[in-house]
Q: 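Quick one: this structure, given as structure tokens, is what I'll be asking you about.
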Amino acid sequence: MEYTRKKIAEEAQVSPQKVFRYIKAHKIESTKRVGRTDYFSESDAHEMLTFFAEEKKEREVNQTTSDDTISKDEYITTLKDQVQDLQKRLDSKEDEVSELHRLLSQEQQLARTEQSKRLELETTNTKLIESTTADLGEKDREIQELRQKLSDEQNKGFWARLFGK
């Protein structure tokens, strides 16, 4: 009788992928192939079923022995140690958060100080520009008046300039 991967998986109570991995790892060749289905000899199938049965027994033995070896007191002690470790980590994280809050507050205070100084500088610059503009406007007016006087002086006749009229 020939066996497919699916039939071997059903009898061994494992997934078909596990059977596929076993076949690939042990380089087992199929006896024939029909379409996409591989068929394996009875001896190969028996070898695979034996392997999976032994693996299952070994898992069960390991599970029961590990359950027996850890007593309740040891389990409680282990859990208490884990709780203490987690509490230390939590305290450490709380300290980090507090430090970050302090640094954030300091950064915000510095930003406010910088903003107020920037506004003060802008105000000072605006006042300076306005006063400079006013001074330049006054000087421009004086220059215009002097140009006008020069122009008027140049337009006077010879005798008017000579006698100062």
Side-chain angles (χ1 to χ4, degrees), residues 1-140:
M1 182 175 176
E2 294 179 326
Y3 290 84
T4 63
R5 279 195 302 249
K6 185 176 180 180
K7 184 162 179 76
I8 295 170
E10 288 172 357
E11 287 188 28
Q13 296 177 343
V14 295
S15 69
Q17 291 86 1
K18 193 166 190 166
V19 173
F20 177 79
R21 285 192 295 267
Y22 178 86
I23 291 168
K24 194 167 189 170
H26 292 87
K27 298 178 183 167
I28 297 175
E29 297 290 328
S30 60
T31 55
K32 72 177 181 180
R33 183 178 184 103
V34 176
R36 293 176 60 193
T37 306
D38 290 325
Y39 290 89
F40 298 93
S41 68
E42 193 170 333
S43 63
D44 288 339
H46 179 68
E47 182 182 321
M48 286 185 252
L49 290 171
T50 305
F51 173 80
F52 291 125
E54 288 175 4
E55 185 182 60
K56 186 176 182 180
K57 284 180 188 176
E58 187 177 314
R59 251 193 335 263
E60 289 172 355
V61 168
N62 285 342
Q63 189 175 14
T64 56
T65 56
S66 66
D67 289 345
D68 294 341
T69 56
I70 299 178
S71 70
K72 289 180 182 178
D73 291 335
E74 290 174 341
Y75 190 68
I76 290 171
T77 304
T78 304
L79 288 175
K80 284 182 179 179
D81 290 343
Q82 287 177 350
V83 167
Q84 287 176 348
D85 182 49
L86 290 172
Q87 186 63 43
K88 287 178 184 176
R89 288 182 183 177
L90 180 62
D91 292 341
S92 171
K93 295 298 178 189
E94 286 176 350
D95 291 344
E96 289 176 16
V97 168
S98 295
E99 179 66 14
L100 287 172
H101 280 295
R102 186 186 67 75
L103 290 172
L104 181 61
S105 175
Q106 186 178 13
E107 191 272 337
Q108 289 173 343
Q109 188 176 10
L110 287 171
R112 283 191 299 269
T113 304
E114 179 185 347
Q115 185 179 16
S116 67
K117 286 186 178 183
R118 187 177 300 130
L119 286 173
E120 185 179 319
L121 280 173
E122 286 176 6
T123 304
T124 305
N125 283 342
T126 303
K127 287 178 183 177
L128 183 62
I129 289 170
E130 288 172 355
S131 69
T132 304
T133 304
D135 289 346
L136 288 175
E138 180 66 28
K139 289 186 181 187
D140 281 344

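These numbers come from the heavy atoms of this one structure, side chains and all, not from hydrogens, waters or symmetry mates. In this chain, numbering begins with 1 at the start of the sequence shown.
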Q: Out of curiosity, Ile23 CD1 to Arg5 CZ, how far, rounded to the nearest 0.5 Å?
A: 5.5 Å

Q: May I ask you to check whether over 12 heavy atoms, not counting those of Gln109, lie within 6.0 Å of atom CD?
A: no

Q: Let me have the donor-acceptor pairs involving side chains of residues 79-95, under 3.5 Å, with sequence neighbours excluded, atom names and distances please.
A:
unit_1	atom_1	unit_2	atom_2	d
Gln87	NE2	Asp91	OD1	3.1

Q: Within the supplied structure, the quantity of interest is the number of heavy atoms (other residues, nucleotides, ligands) at a distance under 6.0 Å from Phe51 CZ; does it exceed 12?
A: yes

Q: Which atom pairs, donor and acceptor, lie under 3.5 Å between side-chain atoms of residues 9-18 and protein residues at least two apart or in another chain?
A:
unit_1	atom_1	unit_2	atom_2	d
Gln13	OE1	Lys56	NZ	2.8
Ser15	OG	Lys18	N	3.2
Lys18	NZ	Glu55	OE1	3.0

Q: In this structure, which one of Ile129, Leu136, Asp135 forms a side chain to side chain contact (heavy atoms under 4.5 Å, CB included) with Thr133?
A: Ile129

Q: Starting at CD1 of Ile28, measure out to CD of Glu47 and round the result to the nearest 0.5 Å.
A: 5.5 Å

Q: Checking Thr126 side chain against Glu122 main chain: does a donor-acceptor pair fall under 3.5 Å?
A: yes

Q: Over all heavy atoms of both residues, which pair between Tyr3 and Ala45 is shortest? Give the atoms and the distance, please.
A: CD1-CB, 3.3 Å

Q: Just verifying a value: how many Å separate Arg112 CZ and Leu110 CG, rounded to the nearest 0.5 Å?
A: 9.5 Å

Q: Please determine whether a side-chain nitrogen of the Lys or Arg among Arg118 and Glu114 lies less than 4.0 Å from a carboxylate oxygen of the Asp or Glu.
A: yes

Q: Provide the closest heavy-atom pair for Glu29 versus Phe40 in the form atom of the first, atom of the second, distance.
A: O-CD2, 3.9 Å

Q: Between CD of Gln115 and NZ of Lys117, what distance do you get to the nearest 0.5 Å?
A: 13.5 Å

Q: Is it true that a side-chain atom of Ser105 and a backbone atom of Arg102 form a donor plus acceptor pair closer than 3.5 Å?
A: no

